[in-house]
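Here the structure is laid out as structure tokens; the discussion comes afterwards.
Quick caveat: nothing in here was measured; it's all calculated off a predicted structure.
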Amino acid sequence: MSRIAPISIVLSLVLFAALWPRGDVVRYDAPVYAGVSGERSEAQTNSAISGGASGNVPWLHVEVETKYGWIYQKSVGRAWTTVSRDDTTRVNVGKLCLKLEAHGTHESCWADTSYIELQDMKRRLAAKKKKAVVTAWAEDPAIERTKVEMMP
């Protein structure tokens, strides 16, 4: 075996480790409803959305995920609404909006939905790390803007 073989194996492993994506997920469950801050009662939290005058409004969940490698950064923002904090039953809202800021700014609003997702991908040699910032809100019912950010 020549001397070059072990050196090439070591260099391959170092290059592989340098290019391996690194990332994590930050999630925030927003306890805000109808533009009012404060705590929900146990009955409000665990009850189903019944529409009308009851005043029960779904919970807004916001999540940001960003992965970084030497040649790229991929950021994903997600927002969804559920019946309550613990109940995973999704509930459609009149308008759900999401804004993702990383290397670029992306904003989208969808009507009559319970889930929305945006992605930002930057490919470049020696790509600079950028903080991923996700802002989500809803209209009808009005749910305050919730911001989550993460550095890769």
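At a threshold of 4.5 Å between non-hydrogen side-chain atoms, the residues Val93 and Ser114 do not count as touching. Using a 4.5 Å heavy-atom threshold, the side chains of Trp137 and Lys95 count as separate. Contact check for Tyr115 versus Arg90: side-chain heavy atoms found under the 4.5 Å cut-off. Between Thr82 and Asp87, every side-chain heavy-atom pair lies at or beyond the 4.5 Å cut-off.
Residues Ser84 and Asp86 have side chains that never bring a donor and an acceptor to within less than 3.5 angstrom of each other. Using modelled atom types, one finds a donor on one side chain and an acceptor on the other under 3.5 Å when comparing Ser108 with Trp110.
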Lys67/Gln73 under side chain to side chain contact (heavy atoms under 4.5 Å, CB included): CA gap, chis, key distance, verdict | CA-CA 6 Å; Lys67 294 181 181 178; Gln73 179 179 342; over 6 Å; no

Working for side chain to side chain contact (heavy atoms under 4.5 Å, CB included), residues Leu96 and Leu60 | CA-CA 10 Å; Leu96 183 61; Leu60 176 64; 3.9 Å; yes

side-chain hydrogen bond (donor to acceptor under 3.5 Å, both in side chains) assessment of Glu65 paired with Ser75 | CA-CA 6 Å; Glu65 174 183 0; Ser75 301; over 6 Å; no

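Residues meeting the side-chain contact (heavy atoms from CB on, under 4.5 Å) test with Thr105, sequence neighbours left out: Lys99, Glu101. For Lys74, the side-chain contact (heavy atoms from CB on, under 4.5 Å) partners at least two apart in sequence or on another chain are Tyr72, Val76, Gln119, Met121. Residues satisfying the side chain to side chain donor-acceptor pair (under 3.5 Å) test with Thr81, not counting sequence neighbours, are none. Under the salt bridge (Lys or Arg N to Asp or Glu O under 4.0 Å) criterion, Lys131 pairs with Glu149, sequence neighbours left out.
Contacts classified as disulfide (SG to SG under 2.5 Å) and involving residues 106-147 (residues at least two apart or in different chains) are given here: Cys97-Cys109. Residue pairs satisfying the salt bridge (Lys or Arg N to Asp or Glu O under 4.0 Å) criterion with at least one member in residues 103-127, sequence neighbours excluded, are listed as follows: Arg78-Glu117.
If you take CH2 on Trp80 and CG on Asn92, they are separated by 15.5 Å, rounding to the nearest 0.5 Å.
Nearest heavy atom pair, residue Leu118 against residue Leu98, reads CD1-O, 3.5 Å. Listed here is the closest heavy atom pair of Val133 and Lys147: CG1-CG, 3.7 Å.
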